[in-house]
Trainee: 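Structure in structure tokens, see below.
Everything quoted here is computed from the prediction, not taken from an experiment. Naming: A, B, ... by sequence-line order, numbering from 1 per chain.
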Number of protein chains: 2
Amino acid sequence: MPRAALTREEVLDTAAELVKQHGPDALTMRKLAAELGSAVTSIYWHVGNRESLLDALVERTVQEMGAIRPTGRTPAARIVSLARGLRRELRARPHLIAMVHEHGLTERMFLPVRRTLVREVHAAGLRGSRAADAVRAVQFQIVGFVLVERNRERAPVQSPAEEELWTGATADEDPALARALARPADPERLFTLSVEALVTSLLA
Amino acid sequence: MPRAALTREEVLDTAAELVKQHGPDALTMRKLAAELGSAVTSIYWHVGNRESLLDALVERTVQEMGAIRPTGRTPAARIVSLARGLRRELRARPHLIAMVHEHGLTERMFLPVRRTLVREVHAAGLRGSRAADAVRAVQFQIVGFVLVERNRERAPVQSPAEEELWTGATADEDPALARALARPADPERLFTLSVEALVTSLLA
DNA sequence: ACCTGAACACCGTTCAAGT
DNA sequence: ACCTGAACACCGTTCAAGT
């Protein structure tokens, strides 16, 4: 006996839940069907195939990442606050963001951010190609940082080489540096510091 | 009749070739066996299973990315040249670098670079935690940029939203900016400009 | 020590058949 | 219009058997 009619939304919701909890590899058509209580083949009616199902999930994520508003009084402060807000949102959806990245849509996801950046560098008095460079540099900086940071978190235990590195000449010469690099980085602090440094140069 | 003895190196070389040409998804145990002219199961004798075969390829790539030497007279110039050399090397092995990234070993691959950066920020007169911050900020900047850049290149045709963005108020107010952002970015130029801006701030 | 084919448990997808 | 099970061509891996 057929089950009550499935909807495309129901399929996408359940698929998104599987991806959020266990990553995209855990999304098999058979597991999804089991979760939905339907035959595997019913899914095909609603979403085509596995690839376009993933496409749809990615598209939904891109849409969701729209509305982050900067705060602060100076353009520099507003750019930094935008960057920090963005980083927070991205980090709340790691698997889905990774999928957006793998689908090559990171840039499109950042269109609203770019629009805001244009407004702020303009307010800071930059014009023309100088303004365009600043917008692009900040955008690359933000996206790049989050990608690297995610990678660090997924990394397995660091190899011994990490500590070895600071036992040589550097440690004798500058023990404070050696200690600082031996400690794990504080990503939030490093992120803010990096964006501030870049923005200071670019808006100068 | 059994074929002449396979070696682990031969398996790794052939696997690396398949990955370089068609990406990691094209590396199936059956295709690899066909390429080697052996039975599928012979591969397991030499490399364990598919996962540890991929691990071995990643490890090889990490080792290969060791020796990039900076040039230039000032620390800032040397850091920029290091960054540019690194970017070039990374871009020569896109699939393998993506695999290193996915295995969470990007950071480990960058240990030699970090060592060089320490030397240069030191030469610039930075000490202690200030030096550590500078090293980390530059490293994140370089790695992040290359990851974002790769993503851009893989991206499918941009959605119409890209052009729409610059037809509004901004275009009227600052046509030079609108034109600059409508043109495709020059990544090499943007990269150099970004690293220079960051380094200028950090070493100031 | 190393190579082999058969077999197993998975996977995405297609298809003909239901209602 | 939508759901279904059977079947197909793949996949990684295990195993018992060769030499």
Trainee: In whole angstroms, how far is the C1' atom of C:dC2 from the OH atom of B:Tyr44?
Mentor: 16 Å
Trainee: Any strand is fair game: report the nucleotide pairing with D:dT19 by Watson-Crick or G-U wobble, both distances under 3.5 Å, or none.
Mentor: C:dA1
Trainee: Please determine whether a side-chain nitrogen or oxygen atom of B:Ser42 lies at a distance below 4.0 Å from atom OP1 or OP2 of C:dT4.
Mentor: yes
Trainee: Look at the side chain of A:Ala39 and decide which nucleotide, out of C:dA7, C:dG12, D:dG5, has an atom nearest to it.
Mentor: D:dG5
Trainee: Side chain to side chain contact (heavy atoms under 4.5 Å, CB included) for B:Glu149 and B:Arg87? Distances and angles first, verdict last.
Mentor: CA-CA 10 Å; B:Glu149 190 181 3; B:Arg87 173 171 170 273; 2.7 Å; yes
Trainee: B:Lys31 has an atom NZ; how far is it from atom C1' of D:dT13, in whole Å?
Mentor: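 It is 18 Å, rounded to the nearest whole Å.
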Trainee: It should be established whether A:His46 places a side-chain nitrogen or oxygen under 4.0 Å from OP1 or OP2 of nucleotide D:dC3.
Mentor: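 Yes, such a contact exists.
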Trainee: Look only at the side chain of B:Ser81 and the backbone of B:Arg78, and say whether a donor-acceptor pair between them is shorter than 3.5 Å.
Mentor: yes
Trainee: Between atom CG in B:Leu36 and atom P in C:dC2, what is the gap in whole Å?
Mentor: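 Atom-to-atom, B:Leu36 to C:dC2, this comes out as 15 Å.
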Trainee: Atom CD of B:Glu51 to atom C1' of D:dC11: distance rounded to whole Å?
Mentor: 15 Å
Trainee: Would you kindly say whether A:Ser52 and A:Asp55 are connected by a side-chain donor-acceptor distance under 3.5 Å?
Mentor: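 There is no such pair between these side chains.
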Trainee: Please give, in whole Å, the distance from D:dA9 P to A:Arg50 CZ?
Mentor: 22 Å
Trainee: Is there a side-chain contact between B:Trp45 and the phosphate of C:dC2, meaning an N or O under 4.0 Å from OP1 or OP2?
Mentor: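 Checking B:Trp45 against C:dC2: at least one side-chain N or O falls below 4.0 Å of OP1 or OP2.
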Trainee: Nearest whole angstrom, please: distance from the P of C:dG5 to the CD1 of B:Ile43.
Mentor: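 These atoms are roughly 12 Å apart.
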Trainee: For the side chain of B:Asn49, counting heavy atoms from C-beta on, which of D:dT13, C:dC3, D:dC3 is nearest?
Mentor: D:dT13
Trainee: What does D:dT14 pair with, Watson-Crick or G-U, if both distances are under 3.5 Å?
Mentor: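 D:dT14 is paired with C:dA6.
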Trainee: Without swapping roles, check the side chain of A:Asp174 against the backbone of B:Gly128 for a donor-acceptor pair under 3.5 Å.
Mentor: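 At least one qualifying donor-acceptor pair exists.
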Trainee: Sub-3.5 Å donor-acceptor pair from the side chain of B:Glu196 to the main-chain atoms of B:Val80, do we have one?
Mentor: no
Trainee: Between C:dC3, D:dT4, D:dT13, which one does the side chain of B:Val40 approach most closely?
Mentor: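 Nearest nucleotide to the side chain: D:dT13.
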Trainee: If you check the B:Thr41 side chain, which of C:dG12, D:dC11, C:dG5 turns out closest?
Mentor: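 The answer is C:dG5, which lies nearest to the side chain.
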Trainee: Taking CZ from B:Arg30 and C1' from D:dT14, how many angstroms apart are they, rounded to a whole number?
Mentor: 12 Å
Trainee: How many whole angstroms separate atom CE of A:Met29 from atom P of D:dT4?
Mentor: 14 Å
